Amino acid sequence: MPKKNDLSIFKKVESVNSVKPSEPKPILAPKTVGRKPKSAEDKESEIVAIKFTKAELAKLEEKAGLVPKSTYLKHILRSKTDIFD
């Protein structure tokens with residue numbers, strides 16, 4: 001009787017009609033996945049820090065709801081003011 005992990009009882013099956021490639025496939029660069037990177041002009045890379053009182057921050061968080069505070073403030077600045085025109 002073979003031992004517990006002995007695989008010698010399994011027979012290796014060799015197929016007569018197996019297809020074998022005649023030459024190896026060329027190695028191609030992998031396709032990129034995801035969206036295209038933004039151009040340098042469109043990237044938002046600059047940071048502005050603002051200090052608020054606790055009451056002001058609480059009111060801002062209440063109005064923003066589940067939206068991040070910075071996203072909410074950017075939306076307000078872009079849509080309701082002409083500061084960037």
Side-chain angles (χ1 to χ4, degrees):
M1 175 152 203
K3 292 187 179 182
K4 185 177 180 181
N5 294 326
D6 187 16
L7 300 176
S8 63
I9 60 172
F10 296 103
K11 192 181 215 181
K12 186 175 179 184
V13 179
E14 291 191 27
S15 163
V16 178
N17 295 333
S18 66
V19 178
K20 296 180 183 175
S22 58
E23 55 186 64
K25 293 182 181 179
I27 299 175
L28 301 175
K31 292 184 179 180
T32 57
V33 179
R35 62 176 154 178
K36 296 177 184 173
K38 291 183 177 182
S39 64
E41 307 91 42
D42 294 336
K43 286 186 182 179
E44 296 175 344
S45 60
E46 303 303 317
I47 299 172
V48 176
I50 304 174
K51 290 187 177 185
F52 292 109
T53 64
K54 290 182 181 182
E56 291 171 335
L57 183 62
K59 191 172 246 185
L60 174 65
E61 288 173 340
E62 180 184 324
K63 287 188 176 188
L66 297 176
V67 178
K69 294 179 286 277
S70 60
T71 305
Y72 177 73
L73 287 173
K74 271 196 292 188
H75 171 72
I76 296 297
L77 287 172
R78 288 178 177 162
S79 64
K80 298 190 178 186
T81 67
D82 61 350
I83 195 167
F84 298 118
D85 291 336

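In this text the structure is predicted, and so the values were computed from the model without any measurement.
Residues Leu57 and Phe52 come closest through the heavy atom pair N-CB, 4.1 Å. Annotation for Leu73 and Leu60: closest pair CD2-CD1, 3.7 Å, computed over non-hydrogen atoms.
The distance from the CD1 atom of Ile50 to the NZ atom of Lys69 is 12.0 Å, given to the nearest 0.5 Å. Thr71 contributes atom OG1, which lies 11.5 Å from atom CD1 of Ile76 (distance to the nearest 0.5 angstrom).
Note on Phe84 and Val48: separate hydrophobic clusters, where clusters join Ile, Leu, Val, Met, Phe, Trp and Tyr whose side-chain heavy atoms are under 4.5 Å apart, directly or indirectly.
Listed by chain and number, the residues in a side chain to side chain contact (heavy atoms under 4.5 Å, CB included) with Lys38 are Asp42, Lys43 (sequence neighbours excluded).
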